[in-house]
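Accompanying notes for the structure given below.
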Amino acid sequence: MNAIAKDKVFIAFQTNDETRSIVEAIEADNQEAIVIRYPAMVKIEMPGRLVIRRETIEDLIGRAYDLRELNLNLISLSGNIDESDDEFVLYWNQH
């Protein structure tokens with residue numbers, strides 16, 4: 001596996017009304033994110049580290065949001081996970 005592919009993390013969600021705002025929030029907080037849209041899935045790839053912020057999602061949906069709600073539409077992810085009440089982070093350990 002080449003170094004570029006190894007350093008990318010990703011998260012994939014079902015495509016529906018709930019995930020549109022989540023994807024928009026991820027794009028806002030991760031300027032280098034690559035969003036790949038499929039008929040029933042949206043996959044977001046990011047070199048190194050991808051951050052999903054509760055506050056950004058809340059601003060877009062106009063209500064309180066618990067990051068555990070991500071799991072309702074989650075299909076797959078790649079990377080180590082670090083999560084708190086405020087952030088869900090995917091990353092690869094740097095050696």
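Because only heavy atoms are used, hydrogens play no part in the values below, and waters and symmetry mates are left out as well, while side chains stay in.
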- Just do the side-chain contact (heavy atoms from CB on, under 4.5 Å) check on I36 and F10 with the steps written out, would you? CA-CA 10 Å; I36 306 162; F10 78 82; over 6 Å; no
- Query: Does the pair I52 and L90 meet the rule for a side-chain contact (heavy atoms from CB on, under 4.5 Å), with working shown?
  - Reply: CA-CA 9 Å; I52 302 172; L90 291 174; 6.0 Å; no
- Output, in order, the C-alpha distance, side-chain angles, deciding distance and verdict of side-chain contact (heavy atoms from CB on, under 4.5 Å) for L60 and Y65. CA-CA 10 Å; L60 290 169; Y65 187 83; over 6 Å; no
- Message: F13 vs L70, test: side-chain contact (heavy atoms from CB on, under 4.5 Å). Steps then yes/no.
- Response: CA-CA 8 Å; F13 297 103; L70 292 173; 4.0 Å; yes
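Using a 4.5 Å heavy-atom threshold, the side chains of F88 and L50 count as separate.
Residues passing the side-chain hydrogen bond (donor to acceptor under 3.5 Å, both in side chains) test with T19, sequence neighbours excluded: N16. With sequence neighbours excluded, the residues satisfying side chain to side chain contact (heavy atoms under 4.5 Å, CB included) with I75 are A12, Q14, M41. In this view, D66 and R68, E69 satisfy the side chain to side chain contact (heavy atoms under 4.5 Å, CB included) rule, not counting sequence neighbours.
Sorted by first and then second residue, the pairs that involve residues 76-90 and meet salt bridge (Lys or Arg N to Asp or Glu O under 4.0 Å), not counting sequence neighbours, are R53-E87, R54-D86. Pairs of residues two or more places apart, or lying in two chains, that qualify as side chain to side chain donor-acceptor pair (under 3.5 Å) and include a residue from residues 21-38 are D29-T56.
Between A25 and I57, the shortest heavy-atom contact is CB-CG1, 3.6 Å. When all heavy atoms of I44 and A33 are compared, the pair lying nearest together is CG2-CB, 3.8 Å.
Hydrophobic cluster of V89: the remaining members, joined at side-chain heavy-atom separations below 4.5 Å, are V51, Y91, listed by chain and number.
Distance check: I22 CD1 to I26 CD1 gives 7.0 Å after rounding to the nearest 0.5 Å. Rounding to the nearest 0.5 angstrom, the gap separating the OG atom in S78 from the NZ atom in K43 is 8.0 Å. Taken to the nearest 0.5 Å, the CD1 atom of I11 stands 9.0 Å off from the OG atom of S76.
Note on E18 versus R20: no salt bridge recorded, every NZ/NE/NH1/NH2 to OD/OE distance being 4.0 Å or above.
Transitive grouping of hydrophobic side chains (ILVMFWY, heavy atoms separated by less than 4.5 Å) keeps I34 and V9 in distinct clusters. Both L74 and V42 are assigned to one and the same hydrophobic cluster, defined by single-linkage of ILVMFWY side chains at heavy-atom distances under 4.5 Å.
Side-chain N or O atoms of W92 include one that pairs as donor or acceptor with a backbone N or O of K8 at under 3.5 Å.
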